[in-house]
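In what follows, a single structure is set out as structure tokens and then discussed.
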Number of protein chains: 2
Amino acid sequence: MDSTDQLILRELSRNGRMTMKELGEKVHLTGQATAARVLKLEEAGIIDGYTIRVSKEKLGYIVHAFVTAIMHEPRHQKFLDELDRRQDTVSRYFKTSGEGCYLIECHFPTHQELDDFLNDISEFASYKVTIAIQQYGQ
Amino acid sequence: MDSTDQLILRELSRNGRMTMKELGEKVHLTGQATAARVLKLEEAGIIDGYTIRVSKEKLGYIVHAFVTAIMHEPRHQKFLDELDRRQDTVSRYFKTSGEGCYLIECHFPTHQELDDFLNDISEFASYKVTIAIQQYGQ
DNA sequence: TCAATTCCTTTCATTAATCAAGTGAAAACG
DNA sequence: CGTTTTCACTTGATTAATGAAAGGAATTGA
């Protein structure tokens with residue numbers, strides 16, 4: 001991990017579909033040398049994969065919420081199954097220490113759907129909801 | 001946005017560097033037809049860009065924290081500047097309604113660095129810290 | 001019924017990725 | 001100190017993907 005590798009990570013973060021030739025020009029290497037470095041970063045697990053940023057807003061999911069769940073019971077599996085079943089709304093979730101047991105990042109088309117979600121999980125957990133009004137970074 | 005477009009989004013989320021030919025095979029179209037659909041999704045802003053997943057852990061940032069900031073004063077600019085200055089640790093932050101004013105997702109090499117960060121922001125805000133122990137999804 | 005439009009395929013030229021050598025500099029070792 | 005190994009890179013040849021153009025089928029609307 002030298003400064004060239006850091007630059008590669010920064011450029012690929014900005015455009016992960018850049019050609020190796022183009023990326024090579026940015027870091028002053030040939031496409032072949034650049035591809036070799038990228039392969040190493042992949043093999044080291046530093047580059048964990050390539051994705052797209054999907055605009056949830058453009059897809060009509062305009063409610064962006066973070067739900068902190070505080071579990072009622074020690075058995076969490078049915079709760080986690082519910083989260084996995086809702087892949088359309090639940091984009092990521094974390095087991096946490098601190099306030100709650102889980103922090104769930106989710107997107108909904110309307111507040112009604114958020115309400116439905118909260119009703120569903122209230123079987124397993126109490127919750128606190130934080131609504132994201134504006135996102136910065138990334 | 002038909003089912004083919006949805007499949008395209010799913011496949012590109014899994015591998016954003018897939019060739020159009022390969023993606024076309026997944027969605028039963030030629031590479032050219034697939035590329036045309038992808039271009040439309042880009043122009044509609046649904047595909048907001050291409051990125052890499054960078055493993056913060058592999059880079060030595062093993063502490064993953066969500067910091068809820070409750071501002072002392074109405075002027076937030078100096079606080080936001082501080083967050084922007086810390087691009088190495090602050091990956092995203094949100095203006096929120098709910099518990100706090102801002103929710104900050106950040107990564108640190110050690111708890112010491114987290115402590116330094118908290119000391120820095122305590123000038124502007126009180127805070128609550130939630131540590132992510134395990135991530136699911138994405 | 002007849003354009004106009006959309007969405008796709010096919011074909012071909014262009015461009016990029018990949019593979020195989022080959023070079024040079026630094027590191028490892030007798 | 002000299003030799004060899006290793007590493008990161010470049011160059012050149014081959015293979016694959018992309019982009020542009022042309023054309024065909026299905027859909028829409030006057």
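Letters go in sequence order (proteins before strands), and every chain restarts at 1. What you see is a predicted model, and the numbers here were worked out from it, not measured in a lab.
Among the nucleotides D/dA17, D/dC9, C/dA17, the one closest to any side-chain atom of A/L29 is D/dC9. Comparing C/dA16, D/dA8, D/dT10 by their closest approach to the side chain of A/A33 singles out D/dT10. Among C/dA16, C/dT10, D/dT18, the nucleotide with an atom closest to any side-chain atom of B/T30 is C/dT10.
At the phosphate of C/dC7, OP1 or OP2 sits under 4.0 Å from a side-chain N or O atom of B/K40.
Across all strands shown, B/Q32 has heavy atoms under 4.0 Å from base atoms, whether or not it also approaches the sugar-phosphate.
If you measure from atom CG of A/L23 to atom C1' of D/dC9, you get 15 Å, rounded to the nearest angstrom. With rounding to whole Å, B/M18 atom CE is found 22 Å from C/dA16 atom P. Computed from coordinates, the A/L39 CG to C/dA17 P distance equals 14 Å when rounded to whole Å. Atom-to-atom, CD of A/E42 to P of C/dA17 comes out at 13 Å; the value is rounded to the nearest Å. In this structure, CD of A/E43 is placed 13 Å from P of D/dC7, rounded to the nearest angstrom. Counting to the nearest Å, the P atom of C/dC19 and the CE atom of A/M20 are 14 Å from each other.
For B/Y136 and A/F94, the distance between ring centers is not under 6.0 angstrom. Taking the six-membered ring for Trp, B/F124 and B/H76 have ring centres at least 6.0 Å apart.
Closest-nucleotide positions on DNA chain D for A/R17 and A/H28 were compared, and the one nearer the 5' end corresponds to A/H28. Across the interface with DNA chain C, nearest-nucleotide mapping of B/D2 and A/G31 shows B/D2 to be the residue nearer the 5′ end.
A side-chain N or O of B/Y50 and one of B/E42 form a donor-acceptor pair less than 3.5 Å apart.
Among B/T130, B/I133, B/V129, B/I131, the single residue meeting the side-chain contact (heavy atoms from CB on, under 4.5 Å) criterion with A/T96 is B/T130.
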